[in-house]
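Worksheet: one structure, shown below.
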Amino acid sequence: MGPHKVFVCGATGLQGGALARQLRALGWEVHTITRDTGSAAAQALTSIGVTVHQGSWSDSAALSAALAGCDGLFLNLVPDMTNPPAEFDDGKTVLAAAQAAGVQHVVYSSGLALPPMPADHFMTVVFKPKLDLEQALQTAGFPRWTVLRPGYFMTNLVAPKVHMLYPGSAESGLFTFAFRPTTELPMIDHEDIGKFAAAALQRPDEFHEKVIDVVSESVPVARAVETMRRVTGRSGIRAEYVEGEALQRAAAANPLLVLQGLLRDVPSLGDAAAAARKWGVETARFEQFVERERGEFDATYRNV
Ligand SMILES: NC(=O)c1ccc[n+]([C@@H]2O[C@H](COP(=O)([O-])OP(=O)(O)OC[C@H]3O[C@@H](n4cnc5c(N)ncnc54)[C@H](OP(=O)(O)O)[C@@H]3O)[C@@H](O)[C@H]2O)c1
C-alpha cells in the first residue's frame with residue numbers, strides 16, 4: 001500500500017491540479033503550497049478537501065509546516081527564465097523539507113531529454129536544473145523515487161498556455177512554426193501526467209528507481225493543426241513553417257522558435273509512447289483531448 005498523505009507541488013496548476021484531484025478522488029489526504037491562497041484555483045482545491053498552505057518553494061518554514069506527516073511528494077517546479085538556477089534551488093529546498101518530514105516516495109515530474117546542444121546554449125542552461133534535480137533526487141536517500149519525463153503538453157495549444165508559447169496565434173488562428181509539418185510532437189495530456197504520478201504513488205515498489213518518458217502519442221505538427229481545425233470546425237486554424245531568414249525575423253517576436261528550430265528534426269518518439277503504455281495507465285490521444293476540451297478551444301479561438 002502506498003502513501004496516503006501527499007504533498008503536491010503546483011496543485012493550482014495543470015499537472016499538479018490533475019494529480020491533486022485524482023488523489024482526492026481516491027480518498028487520499030493532499031497538501032499543497034501556493035503563493036496566493038485566495039486565487040480561484042486555490043479555492044477550488046480547498047472545496048474538494050485539499051489543504052492549501054500559503055507560501056512558496058523557497059520558504060523552508062512554510063514547507064516544513066505543509067509537509068509535516070506527508071509520506072509522498074509530487075515534485076513539480078517551473079523554470080525561471082530570468083534566473084534558471086532558481087529552479088534547482090527551489091527543488092533542493094523542497095527535497096530537504098520532504099526529507100526532514102520523513103517522506104518515503106518522491107515522484108518528480110521533470111521533462112523529456114533535449115537533443116545534445118552546446119553547454120552554453122540558453123536551452124541547455126534552462127533545462128539543466130531539471131537534470132540536476134533528477135540526479136539530486138536519485139542520490140538523496142529517499143526510500144522510493146520515480147522520475148517522470150513528460151513530453152509536449154497537449155494543453156500548450158489552448159489558453160492559457162498558447163498565449164505564452166505561440167503569441168498571437170489564438171487571435172489570428174495562424175501558427176508560425178520552426179518545426180517541420182512532419183516533426184512529431186511527443187504529446188501528453190496533463191491529466192495523464194497526473195494518472196502516471198497517481199499510479200506511481202499507488203505502486204511504489206514497481207515505480208521505484210524508474211525514469212519514464214511520459215508520452216501518449218507522437219503527432220506530426222500538421223496533423224495536430226488539422227485535428228484542431230476539424231474537431232472545432234474553425235477553418236481559420238492553420239500553420240506556416242519558417243526557416244532561414246524568415247525564422248530569424250519570427251524569432252525576434254517569439255524566441256521559443258529557436259527551440260523549435262533545434263527540435264525540427266528530432267527522431268520520432270513513437271517508441272516512448274509504446275513503452276509508456278506498458279505501465280497500464282490509460283492515456284488520451286490528441287483528438288480525444290480536443291474533443292474533451294472543446295469548450296476551451298472554442299473560447300480560445302473564438303475569432304477564427
Ligand atoms: N508545457 C510543456 O509542454 C511541458 C513539457 C514538459 C515539462 N514541462 C514542465 O512542466 C512544469 C509546469 O507544469 P504545469 O504546466 O502543470 O504548471 P502551471 O500550470 O504553469 O502551474 C504552475 C504552478 O506552479 C506554482 N508555482 C510557481 N512558482 C511557485 C513558487 N515559487 N512557489 C510555489 N508554487 C509556485 C503555481 O502556484 P501559484 O501560482 O498558485 O503559487 C502553479 O500551481 C514546468 O517545469 C515545465 O518545464 C512542461
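Since this is a predicted model, take the numbers as computed values, not measurements. Note that ligands are numbered from 1 as they come in the structure, with each ligand's atoms numbered from 1 the same way. The chain is numbered in sequence order, starting from 1. Note that these values count all heavy atoms, side chains included, but never hydrogens, waters or copies made by symmetry.
- Looking from atom 21 (O) of ligand 1 to the surrounding protein, the closest heavy atom is G13 CA, 3.4 Å.
- Using modelled atom types, one finds a donor on one side chain and an acceptor on the other under 3.5 Å when comparing T82 with D80.
- Of the charged side-chain nitrogens involved, none lies within less than 4.0 Å of a carboxylate oxygen, so that R292 and E191 do not count as a salt-bridged pair.
- Counting only heavy atoms of the protein, atom 24 (O) of ligand 1 lies nearest to W57 CH2, 3.3 Å.
- Between K195 and D192 there is a salt bridge, since a side-chain N of the basic residue sits under 4.0 Å from a carboxylate O of the acidic one.
- Aromatic ring orientation, F289 versus F286: parallel (interplanar angle below 30°, classes split at 30° and 60°).
- The protein heavy atom nearest to atom 37 (O) of ligand 1 is T12 OG1, 3.0 Å.
- Taking every heavy atom of both residues into account, F179 and L263 meet most closely at CE2-CB, 4.1 Å.
- Counting protein heavy atoms only, atom 22 (C) of ligand 1 is closest to V78 CG1, 3.7 Å.
- Closest heavy-atom approach to atom 5 (C) of ligand 1 within the set G17, G151, P79, S58: this belongs to G151.
- Between D189 and R285 there is no salt bridge, since none of the side-chain N atoms of the basic residue sits less than 4.0 Å from a carboxylate O of the acidic one.
- Under 4.0 angstrom from ligand 1, there are no non-hydrogen atoms of S39.
- When non-hydrogen atoms are compared, ligand 1 lies under 4.0 Å from the backbone of L77 (N, CA, C, O) but not from its side chain.
- In N76, the part holding a heavy atom less than 4.0 Å from any atom of ligand 1 is the side chain.
- In terms of protein heavy-atom proximity, atom 7 (C) of ligand 1 is closest to S110 O, 3.5 Å.
- Q15 NE2, 3.0 Å is the protein heavy atom nearest to atom 10 (O) of ligand 1.
- Counting protein heavy atoms only, atom 47 (O) of ligand 1 is closest to K130 NZ, 3.0 Å.
- The distance from ligand 1 to the heavy atoms of K161 drops below 4.0 Å at these ligand atoms: 15 (O), 18 (P), 19 (O), 20 (O).
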